[in-house]
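Values below: every heavy atom of this structure, side chains too, minus hydrogens, waters and symmetry copies. In each ligand, atom 1 is the first atom listed, and ligand 1 is the first ligand listed.
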Amino acid sequence: MEKRWTLSDFEIGKPLGKGKFGQVFLAREKKSNHIVAIKVLFKNQLKQSQAVHQLRREVEIQSHLRHPNILRLYGYFYDQTKVFLILEYAAKGELYKELQKCKYFSEKRSAMYIASIARALIYLHGKHVIHRDIKPENLLLGQQGEIKIADFGWSVHTFNRRQTMCGTLDYLPPEMVESVEHDASVDIWSLGVLCYEFLYGVPPFEAIDHSVTYKRIIEVDLKFPLEPIVSPGAKDLISQILVKDSSQRLPLHKLLKHPWIIQHVDHSEIC
Ligand SMILES: Nc1ncnc2c1ncn2[C@@H]1O[C@H](COP(=O)(O)OP(=O)(O)OP(=O)(O)O)[C@@H](O)[C@H]1O
């Protein structure tokens, strides 16, 4: 695809969805016939400095990433009022909606997703990037139903010390809730929360009252409901990830070798 675009390079199709700062459309690049998603952001809505800062970070980081389970950001252009991000089209939409539809996923499906995200995170962390907002709403699905990690607005390079609390409360590890220094293992924690949510339909520390959620995260008050029935292997994996001491969390390469993952995932097929 071309590197420098204007709106006239694209035929704009149906709207795919709406976000806080704009709208996403299906589009076709006329020259290459390549189907993409174009995210249109309104500059006046972005003006809050945090949003502009996040967008800059998202573009800087995501445009350099190349992994089958990470949504490609091909480039961007802008006019006087809008910024246009050219993104890989995730044909099967949001994982979040799938989870809402199914309530919870089978162990096999959960293990496949967890292994795909773990592989993408190994790649990401190898590039010294932490995502910091891994949750179902930020996971899209490609044509074959494969995971595409999206939304790099909270991501950072690992070179600097980080203490800022960011992301989404239900998925934050104790060190972020307590605003102490954190590293790439925050994404491993979020993967543990995801695994729990895939299998039980709700994140493990969720409570109506936010102060209760904080307390449950800090104390790692992890309880496994009786229903739906989940195998001891899955519970063992989650228990090895959701560990308060971040240095003791199961590393991603060991996660991929965990018996529950091996049982459900053919590693040659991970997508
Ligand atoms: N690359 C894509 N392929 C297919 N659909 C997409 C793509 N990007 C976004 N969408 C759809 O458009 C919707 C809006 O996306 P957008 O990224 O603007 O907002 P969001 O991440 O859902 O919300 P927020 O702005 O609060 O972060 C998404 O919920 C999704 O349904």
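- Of the options Glu88, Lys92, Lys39, the smallest heavy-atom separation from atom 17 (O) of ligand 1 is shown by Lys39.
- In terms of protein heavy-atom proximity, atom 6 (C) of ligand 1 is closest to Val24 CG1, 4.1 Å.
- Scanning both residues, Val186 and Arg132, for their nearest heavy atoms gives CG2-CG, 4.2 Å.
- One option in Ala37, Ala91, Ala90 has a heavy atom closer to atom 4 (C) of ligand 1 than any other, and that option is Ala90.
- Between Phe84 and Tyr78, a ring centre-to-centre spacing not shorter than 6.0 Å is recorded.
- Among all heavy-atom pairs drawn from Trp260 and Glu107, the shortest one is NE1-OE1, 2.7 Å.
- Numbered from 1 in the order shown, with element, the atoms of ligand 1 that lie under 4.0 Å from a heavy atom of Lys18 read 13 (C), 14 (C).
- For atom 29 (O) of ligand 1, the candidate residues are Lys148, Glu94, Gln54; the nearest heavy-atom contact is made by Glu94.
- Counting the atoms of ligand 1 from 1 in the order shown, those under 4.0 Å from a heavy atom of Leu140 are 1 (N), 2 (C), 7 (C), 8 (N).
- Grouping Ile, Leu, Val, Met, Phe, Trp and Tyr by side-chain contacts under 4.5 Å, direct or through others, puts Leu26 with Leu16, Val24, Ile35, Tyr89.
- Aromatic ring centroids of Trp189 and Tyr196 lie 6.0 Å or more apart.
- Listed by chain and number, the residues in a ring-ring contact (aromatic ring centres under 6.0 Å, His included) with Tyr171 amount to none (sequence neighbours excluded).
- Summarising the geometry of Trp5 relative to Phe77, their closest heavy-atom pair is O-CB, 3.4 Å, with the distance given to 0.1 Å.
- Ligand-side atoms of ligand 1 in range of Asp151: 21 (O), 27 (O), range being under 4.0 angstrom from any heavy atom.
- When Asp133, Leu16, Val40 are ranked by how near their heavy atoms come to atom 11 (C) of ligand 1, first place goes to Leu16.
- Set against the non-hydrogen atoms of Lys20, the atoms of ligand 1 under 4.0 Å away are 24 (P), 25 (O), 26 (O).
- Nearest to atom 19 (O) of ligand 1 by heavy atom, out of Gly17, Gly19, Gly22, is Gly19.
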